[in-house]
Amino acid sequence: MINITHAEHLGDYRLQLTFDDGKQTTIDVQPFLTRAAHPDIRAYLEQEKFKSYRLEHGELVWGDYDLCFPIMDLYDNHILHDANTAKAA
């Protein structure tokens, strides 16, 4: 099981994530947020709300799990699979 040990906001909608195996990756959440159809997800386009992320049990989450991503998608830096996935959020 892979866990996130550190998350740092780099500006805009980019976060640098560090995993417990030492891997680091930078994700950009903006394309996912921009394409999301659900207003509760799009609300995270507001910068202050986006920056309210936290690590909980090794996962990156916002709100009461309003927004979260599968850990392996974050690890592989592949959070936007296609337009249908983003709209389903």
Side-chain angles (χ1 to χ4, degrees):
M1 182 79 177
I2 299 289
N3 292 295
I4 301 169
T5 59
H6 183 74
E8 180 180 348
H9 183 243
L10 299 177
D12 296 324
Y13 302 92
R14 293 178 302 117
L15 299 171
Q16 182 177 40
L17 305 178
T18 304
F19 297 88
D20 56 6
D21 67 353
K23 179 177 178 173
Q24 288 189 333
T25 191
T26 300
I27 62 166
D28 185 357
V29 184
Q30 186 172 16
F32 177 87
L33 296 175
T34 302
R35 292 180 184 176
H38 198 285
D40 289 346
I41 300 299
R42 291 185 61 81
Y44 286 94
L45 284 167
E46 179 186 319
Q47 275 292 309
E48 287 307 309
K49 191 164 184 164
F50 176 75
K51 291 191 282 187
S52 70
Y53 67 88
R54 69 185 184 286
L55 294 180
E56 191 168 301
H57 308 292
E59 295 183 306
L60 180 65
V61 297
W62 287 261
D64 188 20
Y65 284 81
D66 301 335
L67 179 62
C68 59
F69 298 95
I71 193 79
M72 289 312 296
D73 288 351
L74 295 171
Y75 188 84
D76 293 335
N77 196 357
H78 192 64
I79 60 174
L80 186 60
H81 297 278
D82 60 37
N84 293 330
T85 302
K87 289 180 182 175

CZ (R35) and CZ (R42) are apart, to the nearest 0.5 Å, by 12.0 Å

Evaluate the side-chain proximity of L60 to L55: yes if any heavy-atom separation is below 4.5 Å, no if none is.
yes

Under a side-chain separation threshold of 4.5 Å, the hydrophobic residues clustered together with Y65 are V61

side-chain hydrogen bond (donor to acceptor under 3.5 Å, both in side chains) filter on D66, not counting sequence neighbours, yields Y44

Separation between OH (Y53) and CG (L67), nearest 0.5 Å, reads 13.0 Å

Given the options L15, I79, T25, I2, L74 meets side-chain contact (heavy atoms from CB on, under 4.5 Å) only with I79

In short, salt bridge (Lys or Arg N to Asp or Glu O under 4.0 Å) pairs touching residues 43-52 with sequence neighbours left out are E48-K51

Across all chains, not counting sequence neighbours, the salt bridge (charged side-chain N to carboxylate O under 4.0 Å, His left out) partners of E56 are R54

Practice prompt. Check for a donor-acceptor pair, side chain of W62 on one end and backbone N or O of S52 on the other, with a separation under 3.5 Å.
Written response: no

inquiry  = Run F19 and H6 through side chain to side chain contact (heavy atoms under 4.5 Å, CB included) and show every step you take.
reply    = CA-CA 7 Å; F19 297 88; H6 183 74; over 6 Å; no

Sequence neighbours excluded, the answer for side-chain hydrogen bond (donor to acceptor under 3.5 Å, both in side chains) partners of T18 is Q24

Item to complete: Assess whether side chain to side chain contact (heavy atoms under 4.5 Å, CB included) is satisfied between I71 and N3, documenting all intermediate values.
Response: CA-CA 7 Å; I71 193 79; N3 292 295; 5.8 Å; no

By side-chain hydrogen bond (donor to acceptor under 3.5 Å, both in side chains), D76 pairs with (sequence neighbours left out) none

Excluding L10, membership of its hydrophobic cluster (Ile, Leu, Val, Met, Phe, Trp, Tyr; side-chain heavy atoms within less than 4.5 Å) reads none

Which side-chain N or O atoms in residues 27-34 pair as donor and acceptor under 3.5 Å with protein atoms at least two apart or in another chain?
| from | atom 1 | to | atom 2 | distance (Å) |
| --- | --- | --- | --- | --- |
| D28 | OD1 | Q30 | N | 3.1 |
| T34 | OG1 | Q30 | O | 2.8 |

Residues 8-26 vs salt bridge (Lys or Arg N to Asp or Glu O under 4.0 Å), sequence neighbours excluded, gives none

